[in-house]
Amino acid sequence: MYYKIKRYTWRNKMEYKFNEIEKKWQNIWREKGIFNAPDKSSKPKYYVLSMFPYASGVLHVGHASNYFIGDVISRLKMMEGFNVMQPIGYDAFGMPAENYAIEHNSHPRLTTEENIAAMRIQFDSMGFGFDWSREISTCRPDYYRWGQYLFKKLYEKGLVYRKKGFQNWCDKCQTVLANEQVVDGHCWRCGSIVEQKELEQWYFKITEYAEELLDFSKVIDWPERVITMQKNWIGRSEGAKVDFILEGTNEKIPIFTTRPDTIYGVTFMALPPEHPLVQKWLKEEPDNKELQDFCHKVINEDKVLRSAEETIKEGIFSGRYAINPFNGDRIQIWITNYVLMDYGTGAVMAVPAHDQRDFEFALKYHIPLKIVIQKPDMSLKVEEMQEAYIEPGIMVNSDKFNGIDSEEAISAITNWAVENGWGEKTVSYRLRDWCISRQRYWGNPIPVIHCPHCGIVLVPDQDLPVELPDNVQVGRTTKNPLLSVPEWINVPCPKCGASAKRETDTMDTFVDSSWYYARYTDPNNDKEPFSKELADYWLPVDQYIGGIEHACMHLLYARFFHKFMRDLGWVKCDEPFARLLTQGMVIKDGAKMSKSKGNVVDPKYIIDRFGADTLRTFLLFASPPEKDVDWSDDGIIGAFRFLKRVWRLIDNNLEFIKRSSQLGECSDSISEIIKVLRYETHYAIYRWREDCLQRMQFNTAIATCMEFLNAILKIQEPEKLNAAELKIFAFACATLPKMLYPFAPHIAEELWQKMGNKNMLNDCGLPEYDERFLMLDKITYVIQVNGKLRGKIEVEPDIKEEEIKQIALEVDNVKRHISEQDIKKIIVVPGKMVSIAVGK
RNA sequence: GCGAAAGUGGCGGAAUUGGCAGACGCGCUGGACUUAGGAUCCAGUGAGGUUAAACUCAUAGGGGUUCAAGUCCCCUCUUUCGCACCA
């Protein structure tokens, strides 16, 4: 293997020396700083951003392909004349870094900085046009300081609160776990059973923005799929809140329902064990073993399993009753496993006749059914019901609402509740507030001090950032390492000076990534997160690129933050990302390329052997940006061969290309073959522009480059061309590097320079076609008889329809297929075809 | 279960508004060349058929609209993704 590579490299020195070329241009780009976007420019701005990488230290080919798409767009927009900013940075806080440091007996700060240095080299070797002067890293105090500042602003606006709630808790790791970190009820890291623990956690009130987050009218171009996912995630439903009364008290038990039309059919109430009333009863009846056991069991059940549709509904009668305000009915209150505490009001009015879940539960526990909506044919009977009747119908057993249509009854009944003070019309969302607390060291500290006298006190601005202490022993204790740094925890209260304690929870890393796109506009500002002026200049991000897996996480959080920052007056626009492209993954051996699957390809391996341009060209050519790419070693070679042929074409013809630039006007006659080349050139430019600028379909743009190359290579002996022909040939050759530049920038720049050009390709405009040359002397019409291809004719472009028909009917093969039959219709599609319909 | 997207050669994928299906690349076959290479060049390559043509069939399967359907409509199948006790 080694021998082969060596030998090959030597051979290659004769021609396409990609290693040298790529280093050369990477250096030139850096020295000239052409990708450092100025904050003032006569050009219009264009902000291209790919979701920043996690600072894992290693970029495999799968990661790289994401950034290639952004880089292509960025270079295209530069050619088009925009002031392009394409920044890069690192998502650098988080559990993986902390775990990595534990494994390597190091400190996350050190390992993360090492990783970042390694990634920078990797990025450079792939030829990215990043604005390195704007590099950020979320784990540096100059960045996270402003995350803390934002936390404070959110707090001041009432958008942050602490709440006790049941959380996935791993006792061994001593932290809250997200739902996706719980695998079959066990901790993904240590395997111990995850419990539900009632903890006080910090929340961001994202639900406050639920309504606006459903509105996508201000984005320019987002995939419909992502919009649907976010809308489903937010899950808006209209309904009513109605207060039932706990029997024997004045206590109200509010319920939320989307079906107020069924309210006369309520036969019991269902509460989850987490409900405050239930919690109160648990305290009142410590000896009620049945109740205690049931609630304990349900609460500790895995959240995912518990909310699965297949899970059998279970419950226990609480011994209490509630009163339905509409009819005074006395209904049993059941504690069940199928009601969720954190949706609606956490209490459900159960209507077994008209709700499938309630139906199943009632059947099991012999709770009566009451029909209040009849089928139009009035055939519904309680004894015969096999399932709940959830369709609309006619109201029965519902006092004054009897006889009306159930769909109309929804608003009538809601209004009746409002008039009587029993309830109100409300909207409920599936979206929950965002729990941002993490009991981990490697994250942004929550800037709060707990004072025994003043309670929660925000750290004053002048004391920001609350820096993470360095002297922790990561991994030494299972507890949050911050708990073991008393000199950090114990501080005087900023308000009263009493001895107080710092908050030791850190923020979810999604907080860090919710506003980084804005920080790039002014990354070195040490007075504020970013200046309003610069944010208004650069924002919104014109083109954002990233994986669909962030549809309901990062992309939703960032929209929330953006709207909040707009309400603070920090930014003007309504949406952070005007256009979104969700790129596909790189697939190898049938699976996503990932370290854990062991199917990663190291870009360095490919770059050393074929060059970054080959890697870029292959990945972009293999499929459209939003689709997955199948990794293929053979495909790489195809891209490599293509670039070598480009190299040879231009390198072999430099003399002619240079000579043609000295030629003045000339009026030599042009041969047919050169006329075809001229047409191919302009047609290729036309299609390339369509693919690159209109459709963003880079695979076909590269295919166009390949076809164009093949067309030029048809010219065998350029030395025999006359002056006029030579100019056409040279124009074609000079166009190719321009078309290649976004995909394979190094080879394009090198060839462009070798041709004698002094400027660089980002600065020389898009290739332009000339309408006049998109016309050929002859056009081919195909002739169909009854829809089948029967012949082709070549005609003048400006020929009349009648004439085409005549010529078409004269074609032998066409005649044969018409034979004895009558011609019913002849259709001429201009420039394309003649369709003849025949029959008896 | 509900919703969405998709299904095209041996493979990745083209086909812009209903208008020559399979662009481009890989692979494969045959040939040329020799610095025997992960090199280059030429020719061929959906299936059947033919010396070569003609011709027939073909875009998951079945029906329909149309002079004309990968593209539009209806039904079925498969795959992928999202949601899935949200009252």
Side-chain angles (χ1 to χ4, degrees), chain A residues 1 4-5 7-8 10-12 14-15 223-226 228-229 232-233 235 237 239 255-259 262 270 306-311 313 336-340 342-351 355-358 360-361 428-432 548 551-552 587 609-610 617-618 621-624 627-642 644-645 648 687 690-691 694-695 697 699-710 713 780-789 792 813 816-817 823-827 829 831-839:
Chain A
M1 192 67 185
K4 272 187 185 174
I5 291 159
R7 174 147 197 109
Y8 187 71
W10 173 79
R11 268 185 61 81
N12 206 60
M14 305 307 288
E15 21 185 85
E224 210 43 58
R225 196 151 79 104
V226 177
T228 309
M229 282 168 77
N232 290 341
W233 187 260
S237 44
I255 58 91
F256 172 77
T257 180
T258 54
R259 293 292 303 274
T262 64
R306 180 172 151 194
S307 64
E309 206 168 357
E310 309 82 59
T311 305
K313 291 168 185 49
T336 73
N337 65 345
Y338 77 96
V339 176
L340 305 172
D342 50 4
Y343 182 77
T345 62
V348 166
M349 64 170 216
V351 187
D355 182 285
Q356 187 56 28
R357 297 154 297 184
D358 301 340
E360 284 165 29
F361 190 87
S428 211
Y429 300 93
R430 198 182 153 279
L431 181 73
R432 312 286 199 262
I548 186 118
C552 297
I587 305 288
R609 283 154 191 80
F610 306 103
T617 303
F618 165 68
F621 174 65
S623 76
K627 277 183 78 174
D628 291 348
V629 176
D630 254 353
W631 178 260
S632 145
D633 292 333
D634 291 332
I636 276 285
I637 291 167
F640 187 46
R641 285 210 280 252
F642 164 62
K644 276 192 293 187
R645 295 208 298 154
R648 242 179 301 122
R687 283 191 299 162
E690 286 287 304
D691 287 342
Q694 253 68 53
R695 306 198 305 160
Q697 199 167 302
N699 57 330
T700 50
I702 292 171
T704 298
C705 295
M706 289 172 171
E707 282 180 78
F708 181 38
L709 170 68
N710 293 343
L713 284 170
T780 306
Y781 274 74
V782 297
I783 307 158
Q784 289 184 354
V785 179
N786 279 356
K788 294 220 155 77
L789 180 69
K792 290 188 184 188
N813 201 31
R816 192 163 72 240
H817 282 93
I823 295 172
K824 288 178 169 170
K825 206 194 256 184
I826 302 181
I827 294 152
V829 183
K832 287 208 171 120
M833 69 182 316
V834 182
S835 185
I836 303 165
V838 297

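Residue numbers begin at 1 in each chain, while the letters A, B, ... track the order of the sequences.
Pair assignment for B/U17: none, as no Watson-Crick or G-U wobble contacts are both less than 3.5 Å. In this structure B/A6 sits in a base pair with B/U78, meeting the Watson-Crick or G-U test at under 3.5 Å. Summarising the base pairing, B/U66 is matched to no nucleotide, lacking a Watson-Crick or G-U wobble pair whose two defining distances lie under 3.5 Å. In this entry B/U45 has B/G27 as its Watson-Crick or G-U wobble partner, both defining distances falling under 3.5 Å.
You won't find any donor-acceptor pair under 3.5 Å spanning the side chain of A/Lys832 and the base of B/C20, going by distance alone. No N or O donor and acceptor, one from the side chain of A/Lys824 and one from the base of B/C67, sit under 3.5 Å apart.
To the nearest 0.5 Å, atoms CD (A/Gln784) and NE2 (A/His817) are separated by 12.5 Å. How far CG of A/Asp342 is from CZ of A/Arg430: 10.5 Å, rounded to the nearest 0.5 Å. The line from NZ of A/Lys313 to CG of A/Asp358 is 9.0 Å long, rounded to the nearest 0.5 Å. Distance check, rounded to the nearest 0.5 Å: CG of A/Asn699 to CZ of A/Phe618 gives 11.5 Å.
An OP1 or OP2 oxygen of B/A54 is reached within less than 4.0 angstrom by no side-chain nitrogen or oxygen of A/His817. An OP1 or OP2 oxygen of B/A15 is reached within less than 4.0 angstrom by a side-chain nitrogen or oxygen of A/Arg695. Regarding contacts with the backbone of B/A39, every side-chain N or O of A/Arg645 stays at 4.0 angstrom or more from both OP1 and OP2. Phosphate contact (OP1/OP2 of B/C55, side-chain N/O of A/Asn813, threshold under 4.0 Å): present. Between A/Asn699 and B/A14 there is a side-chain N or O to OP1 or OP2 distance below 4.0 Å. Considering only side-chain N and O atoms, A/Gln697 lies nowhere under 4.0 angstrom from the phosphate OP1 or OP2 of B/C24. Between A/Asn232 and the phosphate of B/A4, there is no side-chain N or O to OP1/OP2 separation shorter than 4.0 Å.
In this structure a side-chain-to-backbone donor-acceptor pair under 3.5 Å is missing from A/Arg687 to A/Thr704. Of the possible donor and acceptor atoms, one in the side chain of A/Tyr781 sits under 3.5 Å from a partner among the backbone N and O of A/Gly831. With hydrogens and angles ignored, the 3.5 Å screen pairs no side-chain donor or acceptor of A/Ser835 with any backbone N or O of A/Ile827.
Whole-Å rounding puts the A/Phe610 CZ to B/A39 P distance at 9 Å. The CG atom of A/Asp633 sits 16 Å away from the P atom of B/G12 (whole-angstrom rounding). With rounding to whole Å, A/Lys627 atom NZ is found 9 Å from B/G12 atom P. Taking atom CD of A/Glu360 as the reference point, atom C1' of B/A87 lies 14 Å away to the nearest angstrom. When rounded to the nearest whole Å, the span between CZ of A/Arg641 and C1' of B/A39 equals 9 Å. In this structure, A/Trp631 places its CH2 atom 15 Å from P of B/G13, rounding to the nearest Å. Computed from coordinates, the A/Ile836 CD1 to B/G19 P distance equals 19 Å when rounded to whole Å. Summarising the geometry, the separation between CD1 on A/Ile826 and C1' on B/G19 is reported as 16 Å, rounded to the nearest angstrom.
Look at the C1' atom in both B/C57 and B/A21: the space between them is 13 Å, to the nearest Å. To the nearest whole angstrom, the two P atoms, one in B/U80 and one in B/G12, are 15 Å apart. As rounded to the nearest Å, B/C81 and B/U29 have C1' atoms that lie 40 Å from one another. The P atoms of B/A47 and B/A23 are separated by 13 Å, rounded to the nearest whole Å. Of the C1' atoms belonging to B/C55 and B/G62, the separation is 26 Å, rounded to the nearest Å. Distance check on atom C1': B/A36 versus B/A32 gives 15 Å, rounded to whole Å. Rounded to whole Å, the separation between the C1' atoms of B/G18 and B/C26 comes to 31 Å.
Among B/C67, B/A87, B/G38, the nucleotide with an atom closest to any side-chain atom of A/Val339 is B/A87. Among the nucleotides B/A87, B/C24, B/U40, the one closest to the side chain of A/Ala703 is B/C24. Side-chain proximity of A/Arg648 to the nucleotides B/C85, B/C41, B/C55 is greatest for B/C41. Closest to the side chain of A/Val829, from the set B/C81, B/G19, B/C26, is B/G19. Nearest to the side-chain atoms of A/Pro624 among the listed nucleotides B/C26, B/C20, B/A14 stands B/A14. Here B/G13 is the nucleotide among B/C67, B/G13, B/G19 with the atom lying nearest to any side-chain atom of A/Ser623. If you check B/U16, B/G19, B/G27 against the side chain of A/Glu690, the one that comes closest is B/U16. Distance from the side chain of A/Trp233 is smallest for B/C83 among the nucleotides B/C83, B/A87, B/G12. Which of B/A87, B/G13, B/A15 sits closest to the side chain of A/Asp355 comes down to B/A87. For A/Gln784, counting side-chain heavy atoms from C-beta on, the closest listed nucleotide (B/C26, B/C20, B/A87) is B/C20.
Residue A/Thr228 is classed as having no contact, given no heavy-atom separation below 4.0 Å to the nucleic acid. Nucleic acid contact for A/Asp691: none, since no nucleic acid atom lies under 4.0 Å from a heavy atom of the residue. A/Asn710 comes within 4.0 angstrom of the backbone, heavy atoms only, and of no base. Within the nucleic acid shown, A/Ser237 comes within 4.0 Å of sugar-phosphate atoms alone, with no base atom in reach, counting heavy atoms only. Residue contacts for A/Gly638: at a heavy-atom cut-off of 4.0 Å it reaches the sugar-phosphate backbone alone, with no base atom in range. Using a 4.0 Å heavy-atom cutoff across all strands shown, A/Thr258 reaches sugar-phosphate atoms only and no base atom. Here A/Arg225 lies in heavy-atom contact (under 4.0 Å) with sugar-phosphate atoms only. Residue A/Lys313 is in base contact, counting any heavy-atom pair closer than 4.0 Å across all strands shown. Using a 4.0 Å heavy-atom distance criterion, A/Met229 is classed as a sugar-phosphate-only contact. Within the 4.0 angstrom heavy-atom criterion, only backbone atoms of the sugar-phosphate kind lie near A/Gly787; the bases stay farther away.
Classified by interplanar angle (parallel below 30°, tilted 30° to 60°, perpendicular above 60°), the ring pair A/Phe361/A/Tyr338 is tilted.
Looking only at side-chain heavy atoms (C-beta outward), A/Phe621 and A/Cys705 stay at 4.5 Å or farther from each other.
Side-chain contact of A/Arg645 with A/Asn710: a donor-acceptor pair under 3.5 Å is present, judged by distance alone.
A syn base is found at B/G9: its glycosidic angle is within 90° of 0.
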